[in-house]
Amino acid sequence: MTKQIHLAAHFPGVNNTTVWSDPAAGSHIEFSSFVKLAQTAERAKFDFFFLAEGLRLREQNGQIYDLDVVGRPDTFTVLAALAAVTDRLGLTGTINSTFNEPYEVARQFASLDHLSAGRAGWNVVTSWDAFTGENFRRGGFLPQEQRYERAKTFLSTALELFDSWRGDEIAADVESGVYLRDPAAGSFAHRDAHFDISGRFSVPRSPQGGPVILQAGDSDEGREFAAAKADAIFARHGTLEAGQAFYADVKGRLAKYGRRHEDLLVLPAATFVLGDTDADAQERADVVRHQQVSGQTAIKLLEQLWNADLSGYDPDGPLPEFDPVVGEHTVARGRASVRSHRDPLATAREWRALAEAKNLSIRELIIQTSGRQNFIGAPATVAEKINELVQADASDGFILVPHVTPGGLDEFADTVVPLLQERGVFRTEYTGTTLREHLGLDGARPGGAA
Ligand SMILES: Cc1cc2nc3c(=O)[nH]c(=O)nc-3n(C[C@H](O)[C@H](O)[C@H](O)COP(=O)(O)O)c2cc1C
């Protein structure tokens with residue numbers, strides 16, 4: 001059976017995917033930017049709008065990292081405001097389970113689901129660093145291995161709170177003067193190793209009964225958490241082989257939780273560069289890569305692998321003669337990529353071999369190794385590729401990250417989406433009103449209170 005493709009729009013984040021030097025680039029803070037991207041996504045009938053979150057400004061070598069944009073507004077506030085200027089688009093936010101409290105987060109998501117008439121989505125992340133935790137009362141109080149334990153019980157607790165209202169409690173009875181039909185409405189009591197709370201939940205049942213749940217960690221524990229509890233995964237693996245391996249892995253974990261293959265969607269992040277022809281797009285992609293990785297950025301990214309101050313090195317020169325400093329990571333703080341270098345010495349060996357074989361400078365090497373656009377080509381080529389990956393079970397769709405804020409999705413919406421629609425693999429109109437409906441997630445919410 002031909003699968004339908006799911007598409008989401010990621011508001012470009014505070015990393016070097018986003019090209020701020022482009023003349024078309026605008027503010028990443030002003031509300032008009034969020035409105036522009038969300039309304040483009042809705043015009044293109046996307047499933048949802050997505051916000052990542054960073055709870056502390058990133059630092060490198062003890063200083064604020066300011067080669068990309070710095071700072072971002074609060075997720076709930078932005079999504080609630082967007083609910084008023086969109087009608088059907090899902091509104092998904094990344095909210096941390098390590099530093100927040102379930103009662104507060106449940107109130108916020110239930111409220112967002114009400115305000116948006118059933119369009120809320122929650123990307124549950126654990127984050128990992130004590131550096132971020134310093135911003136919060138308890139600091140970096142949870143060791144890595146306990147974070148998913150807390151995430152699981154955090155989510156179960158939030159679901160208990162959502163379920164503390166069944167949905168039929170409120171009925172105005174003019175005769176008797178009684179407004180609340182069930183005196184137990186909102187009652188809850190939850191006690192475990194992480195939380196000991198009881199009382200009354202203050203937000204009546206929301207249209208979806210709670211937000212759609214996304215998950216974004218890639219470790220074994222993260223995948224297990226997703227298989228047990230999530231409706232969708234925001235994944236890293238956007239290529240055919242890596243995508244298929246990840247897809248088979250996480251879908252294979254569902255059965256033991258009594259869940260079906262179609263109960264969990266796999267949605268990798270993906271970038272794109274379009275052009276009139278494939279050759280034109282490739283040329284534009286090369287320009288974009290050089291905008292994304294300036295000489296200074298190349299040195300900063302290399303420092304994250306080397307775990308050392310390399311500010312004296314020439315980005316147009318060769319790699320340092322010494323090897324990466326192994327041990328506690330001290331150079332870069334508050335960013336995801338730091339942990340992706342799991343074996344710095346092995347990576348450095350590969351990079352040296354590549355640089356030598358192709359005679360690459362530091363900057364050219366970083367351009368080649370630090371990521372590239374997933375989809376490069378004329379609109380027909382890109383539409384074909386996206387459909388191919390989805391039909392080959394490398395994903396169920398993509399969370400697209402445009403490299404220009406806020407207008408970077410327009411070209412995709414105008415040229416690629418109509419081709420997907422012509423093929424019958426992407427909706428031409430919304431058929432439902434809630435995010436669960438857009439994602440084809442019928443039936444019970446997963447991971448209910450347990
Ligand atoms: C594609 C992707 C996107 C992520 N986005 C965020 C984010 O916006 N904010 C955040 O705090 N963590 C983000 N994370 C990381 C999560 O915090 C995750 O919980 C963390 O990687 C620890 O889990 P792991 O060990 O399973 O990877 C992301 C992870 C992935 C794979």
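In each ligand, atom 1 is the first atom listed, and ligand 1 is the first ligand listed.
- Within the 3.5 Å criterion, the main-chain N or O of Leu264 finds a donor-acceptor partner in the side chain of Lys251.
- Considering backbone and side-chain N/O of Asn96, none are found under 3.5 Å from N/O of ligand 1.
- At least one heavy atom of Arg236 lies less than 4.0 angstrom from ligand 1.
- Remark: ligand 1 atoms within the under-4.0 Å shell around heavy atoms of Gly217 are 18 (C), 23 (O), 24 (P), 26 (O), 27 (O).
- When the shell of 6.0 Å around CD of Gln146 is examined, it contains more than 12 heavy atoms from other residues, nucleotides or ligands.
- Contact atoms of ligand 1 toward Glu53: 7 (C), 8 (O), 9 (N), 10 (C), 11 (O) (distance under 4.0 Å to a heavy atom of the residue).
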Go through it in stages, so that I can follow the logic: the residues are Phe375 and Phe398, the test is ring-ring contact (aromatic ring centres under 6.0 Å, His included), and I'd like the CA-CA distance, side-chain angles, deciding distance and then a yes or no. CA-CA 11 Å; Phe375 304 117; Phe398 292 94; 5.1 Å; yes
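- Cation-pi geometry between Arg56 and Phe131 is met: the NZ or CZ atom falls under 6.0 Å from the ring centre, inside 45° of the normal.
- For the pair Ala269 and ligand 1, no heavy-atom separation below 4.0 Å is found.
- Close contacts of ligand 1 with Ser219, meaning ligand atoms under 4.0 Å from a residue heavy atom, involve 24 (P), 25 (O), 26 (O), 27 (O).
- Of the N and O atoms on the side chains of Asp47 and His6, at least one donor lies less than 3.5 Å from an acceptor on the other residue.
- Look at Asp113 and Arg119 and you find no salt bridge, because none of the NZ, NE, NH1 or NH2 atoms lies under 4.0 Å from a carboxylate O.
- Distances between N or O atoms of Asp218 and those of ligand 1 include at least one value under 3.5 Å.
- For ligand 1, the polar-atom distance check finds an N/O of Tyr148 within less than 3.5 Å of one of the ligand's N/O atoms.
- Heavy atoms of Thr94 found under 4.0 angstrom from ligand 1 belong exclusively to the side chain.
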